[in-house]
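So the structure is just underneath, and the comments pick up after that.
Chain letters run A, B, ... following the sequence lines, proteins first, then strands; residues in each count from 1.
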Amino acid sequence: MAKENLAMIVGKDQVSDAEQILSAYGSDESFVSPGLPAYVVKVKTAQQVQQIINYAKEKRMPVIPVSSPGGPRLRGDTIASQGGMILDLSGMDRILNVDRMDKIAVIEPGVTFDQLEQALRQKGLRAFKPLLPRRTKSVLASYLEREPVVVPRDHWDAIDPLVTMEVIFGTGDLFRTGSASSPPADLQKQLDAGLRQCFAAGPGSTSLSRVVQGSQGTMGVVTWGSVICGILPEIDNTWFLTAATPEPLIDLSYQLSRRRLGEEHFLVNAFQFATMMADKGEIAALAEKLPAWILTVKLTAGGMLPEEQMAYQEKDLRELAQARGVELKSAVMGISGKALAELLDNPPEEFYKMKHRGAFQDIFFTTTLDKTPGHVAVMEEVVRHHYPSNEIGIYLQPMVQGSSCHCEFNLAYDPTDRAKTSNLKALYLDAGAKLAGNEAFFSRPYGPWADLVYGKNGEATALLKRVKKMLDPEGILNPGRLCF
Amino acid sequence: MALSRDAYKALQAVVGSKYVSEDPGTLAGYHYSWGGPNGRWQPFVPLAVVLPEDTSQVQGVVRVCNRYKLRFKAHSTGFCSLAFPGVEDTIMVDLRRMNRIVEIDEKNMFAVIEPYAIAAQIQAEAMKRGLDCHIVSAGPTHSPLASATSVWGIGSKGLSQSWNERNLFGVEWVLPTGEVARLGSPGVGAGWFSGDGPGPGLRGIVRGTNGAYGGNGIFTRIGLKLYPWVGDERMECTGSQPQIGLKIPERMHFSLPYWKNWEDMTAAAYKIVDNNVAFSVLRVPPDCMNWMLTSTNDEYQEAFHKGSVPIDREEHLHAWQAIIAGHSEREFEYRKKVFEQIVKDTGGKFLQLTVEQNEILFAANVRISYIPRVFRPTGDFSTSFGMEESINLMGKLHRTGENLLGKYIGPGKLPDHGREGFWAWLNEGRSLHSENAFAVTEEPGVQAANMAYVMESCRVTNSEALGVQILPGYMGIFADSLGPANFNANEWMRKVKYEVVDPDNVADHFTYIFPEPVVLMPTE
Ligand SMILES: Cc1cc2nc3c(=O)[nH]c(=O)nc-3n(C[C@H](O)[C@H](O)[C@H](O)COP(=O)(O)OP(=O)(O)OC[C@H]3O[C@@H](n4cnc5c(N)ncnc54)[C@H](O)[C@@H]3O)c2cc1C
């Protein structure tokens with residue numbers, strides 16, 4: 001019955017309850033328990049999304065929005081732990097506008113980074129990306145999850161690079177945020193009038209886009225969003241700064257943030273660098289030969305006097321590095337800055353974290369850069385005797401122009417080895433708890449981390465539950481996630 | 001109603017008897033407000049004013065209000081024209097004793113502040129550490145905490161310092177129910193560097209384009225983003241009162257380029273942004289600059305009638321005031337050179353000012369001291385067309401605003417202080433902030449014209465597709481008029497207030513959202 005009703009909304013071919021289709025969503029790379037949806041429903045328009053939500057509300061049927069057109073899915077947040085339907089938005093994959101002057105694009109949720117990048121390049125623009133996203137990753141889903149982008153200088157606020165959105169709440173109401181909420185309601189007419197959906201706050205005394213962001217699909221379903229983009233540079237040079245300990249590079253990174261010098265800018269340890277750059281089977285060998293810590297900085301120039309711009313930036317960077325006894329290198333172990341830049345622009349087919357042992361778990365949270373050596377020490381202590389500490393990949397990404405930092409530990413394992421898998425699971429939970437005790441802020445609380453944060457944060461959690469009730473009174477949107 | 005003795009004693013028990021007052025002379029100060037919707041004396045006198053010392057006392061006061069069915073209204077510096085009771089039976093919570101800069105995290109570039117730490121104080125401390133604090137155009141005496149949580153937060157250094165909706169990190173919030181919520185990283189004891197998460201960002205119900213103006217509780221502590229400052233640790237003042245300037249530091253430069261029309265000025269703006277060469281750019285009407293450059297109204301009038309004001313209403317209509325800054329000499333030289341080239345390529349010229357004039361305008365841009373001068377002509381002003389959208393709309397915004405304002409100027413209506421009041425700057429280079437500020441007086445005819453003009457400007461900005469309104473903003477009586485055109489934002493505000501935050505309506509709703517819709521004039 002439900003199937004027929006859903007088919008009336010989206011068409012018969014767009015609803016499936018075939019086991020093989022459902023099972024693709026039943027489990028993922030995380031330790032979150034598997035759970036099968038009853039249906040996978042593919043939508044094409046906001047109107048369909050709205051009708052589906054209204055139907056699901058009436059039937060109290062869970063709706064789990066999914067935007068990326070393919071896996072591997074990583075965080076357990078799209079597993080139907082209470083049945084219901086996967087609302088597959090990947091077919092909504094139109095790029096609705098790209099504006100060179102205001103450096104902004106309007107995209108639907110199924111648009112991937114590859115697709116966006118291609119469209120932007122034709123207009124002299126580039127997308128702000130997280131570190132080597134998987135090829136099938138939806139841009140809007142990534143931004144909605146607050147995945148950090150590798151260009152901290154253009155990341156002014158946690159909501160960036162997302163600006164405005166059209167969203168359908170769990171109530172069934174269609175809403176627009178920021179300056180996209182202003183008349184005329186028709187997007188094309190807005191564009192024709194010169195409006196560019198380029199202001200994120202509001203409307204009125206709420207910024208509900210902030211509530212939708214980070215909500216793992218529990219508050220509303222986004223049907224398009226505007227996203228800021230960067231200018232494609234005319235010249236770019238990627239440099240490595242290396243050191244035996246992270247401290248001098250952390251100090252340098254703070255200076256880069258203050259000066260907004262460099263676009264791509266992040267800090268990794270040798271194993272992380274090797275995992276990104278080496279071929280399968282050669283990761284450990286490369287990691288051994290690399291300097292312990294590597295700060296990557298991509299200087300770019302364009303516009304009116306690109307050569308002069310590049311020249312002053314390089315001199316300034318060299319001076320900053322010298323003052324800290326750090327050398328500027330155009331290559332490490334034969335890997336050039338150019339090669340890394342190319343990889344960042346064109347992430348590999350295979351998701352890089354799977355390369356080493358076939359599976360991985362990453363533990364990540366928000367902190368400040370100066371606290372990261374302390375977190376590394378906690379992590380090393382946790383893995384002692386359980387996991388080779390020289391095989392932890394560490395990725396530190398300054399965010400919000402350097403005022404905070406994404407800290408990530410990557411642990412690879414062989415999923416066919418049951419003992420190692422269960423060992424890693426224990427370690428993963430233990431590390432989360434110990435790091436949280438060390439002031440790590442699990443701001444994106446997937447799976448078991450939700451319990452780490454929501455219990456500690458009583459009043460804010462109660463407030464959040466009331467907001468959920470306001471936006472999704474029947475609790476149909478992705479139940480079982482966060483504190484809902 | 002008078003305050004019951006039980007309630008009075010309960011308040012005394014929370015804050016100490018010295019810090020509760022019912023003295024009529026004292027209370028008068030809390031229902032006087034410039035530019036309020038009812039003239040200067042607002043109709044409701046608070047029952048008492050209390051001065052809590054810390055968050056737990058604020059919480060105590062709010063609990064007393066709940067227990068005795070009183071309302072409360074927060075008050076930081078009170079400079080904004082909205083810090084008065086809008087309803088009966090209100091306790092004013094004056095936060096002046098909570099005036100600490102708790103911490104400046106120099107490396108991570110943020111400050112942790114209380115409500116009465118004012119912008120000037122934070123800026124002075126920040127500059128000692130090579131940092132700067134965003135100051136809204138209200139000027140250095142306002143509370144950045146109030147601005148970031150509860151009001152607007154826009155200011156002319158937006159190009160390099162964004163605005164306070166985005167500069168807000170961790171938040172400590174005494175809810176109208178009396179509970180204390182800590183949003184973001186402080187909620188789990190991890191520091192004040194983030195206000196979003198875990199999971200959804202509750203900053204989105206604290207505020208939007210504007211805050212709740214006290215209608216959703218009391219904010220007692222926040223993390224506030226700071227920005228790099230390349231100027232001196234201690235700025236050197238020049239001139240003498242009231243014509244105070246600031247010595248322009250090394251690696252900083254102030255100039256006033258102007259163009260023939262809005263289109264060329266807009267083209268220059270895009271190039272400035274794309275080449276990342278300016279610290280700030282600001283457009284104010286020529287008259288405003290002349291007010292800055294003359295020390296009294298008389299001096300201004302005399303110069304104006306002689307035709308000797310430095311900034312000409314016609315020739316210098318399309319002008320940016322620009323500050324260029326560089327972290328290194330090389331960066332500074334590069335930026336200055338490119339900036340000059342941009343002005344040339346877009347057909348602009350530089351207006352030559354004296355050193356003293358440059359220093360006065362530079363100070364006005366760094367310390368944000370234009371506003372006192374805007375008060376000077378009539379002692380009061382109002383604003384409209386507070387838009388935030390694409391830079392390409394600049395010319396259209398100006399023309400539409402100018403035409404509309406013209407209709408309301410005249411005898412018995414708005415005073416004639418120049419034909420336009422267009423302020424504009426670039427926020428992060430990603431959007432244009434614009435508004436149309438104009439002089440008003442207390443006379444009933446003027447106030448009526450003000451109200452009619454503001455409402456018409458809301459209608460026109462909607463019908464002309466000029467973007468989303470920040471000013472005059474969704475304040476109480478306006479919310480239900482503005483909201484329907486913005487996907488019923490007013491109804492979501494109502495739900496946030498009465499379903500999520502304040503079910504018993506204990507925080508004064510007058511400047512936020514009424515329990516039932518109040519439609520002044522439809523703006524669609
Ligand atoms: C002349 C003038 C020009 C202005 N220009 C601008 C401008 O260009 N840009 C801009 O953004 N703003 C402007 N403003 C308003 C300005 O934002 C506010 O004055 C300031 O940001 C808030 O600080 P305050 O100390 O004045 O707040 P107050 O006057 O103390 O309070 C302002 C409002 O916030 C509420 N409030 C205060 N503290 C708290 C708290 N701790 N918790 C909850 N609610 C609280 C009050 O109830 C009141 O409704 C202007 C104001 C004036 C007077």
Side-chain angles (χ1 to χ4, degrees), chain A residues 101-102 156-158 175-176 179 181-184 193-196 198-199 201-211 213-215 219 228 231 254 258-259 303-305 308-309 312 315-316 366 368 370 402-404 439 441-445 453-454 456-457 459-460 463-464 466-467 470 482, chain B residues 107-110 162 165-166 179-183 185 187-188 190 193-194 196-205 207-212 225 228 270 274-275 327-328 330-331 334 338 341 388-390 392-393 428 430-431 462 465 467-468 474 483 485-487 489 492-493 495-496 499-500:
Chain A
M101 293 302 280
D102 287 299
W156 290 70
D157 181 16
F175 191 66
R176 300 248 185 95
S179 63
S181 67
S182 66
L195 299 174
R196 293 290 175 263
C198 58
F199 183 70
S205 301
T206 59
S207 282
L208 294 178
S209 51
R210 288 193 187 275
V211 177
Q213 195 190 35
S215 72
M219 298 289 185
I228 51 163
I231 299 175
Y254 276 125
R258 273 210 183 199
R259 294 175 177 228
M304 310 215 359
L305 300 170
E308 276 184 48
Q309 189 186 6
Y312 97 72
K315 282 186 185 149
D316 280 6
T366 310
T368 51
D370 51 348
S403 56
S404 57
E439 301 189 353
F441 175 39
F442 284 85
S443 60
R444 299 163 55 205
V453 288
Y454 288 117
K456 268 195 194 173
N457 197 1
E459 262 325 305
L463 202 55
L464 188 55
R466 296 201 288 274
V467 172
M470 172 181 87
L482 302 171
Chain B
K107 279 188 183 160
N108 298 301
M109 296 190 283
F110 66 88
S162 191
E165 192 264 350
R166 283 161 71 78
E179 281 89 22
V180 180
R182 291 188 184 83
L183 311 187
S185 49
V188 295
F193 54 83
S194 173
D196 294 279
L202 287 179
R203 276 162 74 189
I205 60 161
R207 61 163 297 162
T209 53
N210 48 267
K225 191 177 179 200
Y270 276 114
D274 283 1
N275 287 278
H327 285 89
S328 66
R330 287 185 281 265
E331 184 172 68
Y334 162 81
V338 172
Q341 191 64 41
E388 207 58 69
E389 244 293 342
S390 168
N392 80 61
L393 294 170
E428 299 175 18
R430 294 279 175 186
S431 59
N462 281 345
V468 74
Y474 273 68
N486 300 139
F487 289 81
W492 290 107
M493 286 165 59
K495 282 174 194 272
V496 169
E499 292 176 17
V500 176

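- If you measure heavy-atom distances from A:Leu482 to chain B, the contacts under 4.5 Å come from the side chain alone.
- Using a 4.0 Å cut-off between charged nitrogen and carboxylate oxygen, B:Arg330 and A:Asp316 count as a salt-bridge pair.
- With a 4.5 angstrom heavy-atom cutoff, A:Gln213 touches chain B only via backbone atoms.
- Proximity to chain B is limited to the side chain of A:Ile231, based on heavy atoms less than 4.5 angstrom apart.
- Counting heavy atoms from C-beta outward, B:Glu388 and A:Ser179 have side chains that stay 4.5 Å or more apart.
- At a threshold of 4.5 Å between non-hydrogen side-chain atoms, the residues A:Phe199 and B:Ser431 count as touching.
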(message) Under the criterion side chain to side chain donor-acceptor pair (under 3.5 Å), I'd like the reasoning laid out for B:Asn108 against A:Ser403: C-alpha separation, chi angles, the key distance, then a yes or no.
(response) CA-CA 4 Å; B:Asn108 298 301; A:Ser403 56; over 6 Å; no
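- In this structure, A:Phe175 and B:Trp492 have perpendicular ring planes: the angle between them is above 60°, well past the 30° mark.
- When all heavy atoms of A:Gly194 and B:Asn392 are compared, the pair lying nearest together is O-ND2, 3.1 Å.
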(message) Evaluate A:Tyr312 against B:Glu331 for side chain to side chain donor-acceptor pair (under 3.5 Å), listing each step before the verdict.
(response) CA-CA 6 Å; A:Tyr312 97 72; B:Glu331 184 172 68; 3.1 Å; yes
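- Within a 6.0 Å sphere centred on NZ of A:Lys456, other residues, nucleotides and ligands contribute more than 12 heavy atoms.
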(message) Between B:Arg203 and A:Asp157, does the salt bridge (charged side-chain N to carboxylate O under 4.0 Å, His left out) criterion hold? Intermediate values first, please.
(response) CA-CA 12 Å; B:Arg203 276 162 74 189; A:Asp157 181 16; 3.2 Å; yes
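- Contacts between B:Lys225 and chain A at a heavy-atom distance below 4.5 Å involve the side chain alone, from C-beta outward.
- Ionic pairing of A:Arg210 and B:Glu165 is present here: one or more N-O contacts between side-chain nitrogen and carboxylate oxygen are shorter than 4.0 angstrom.
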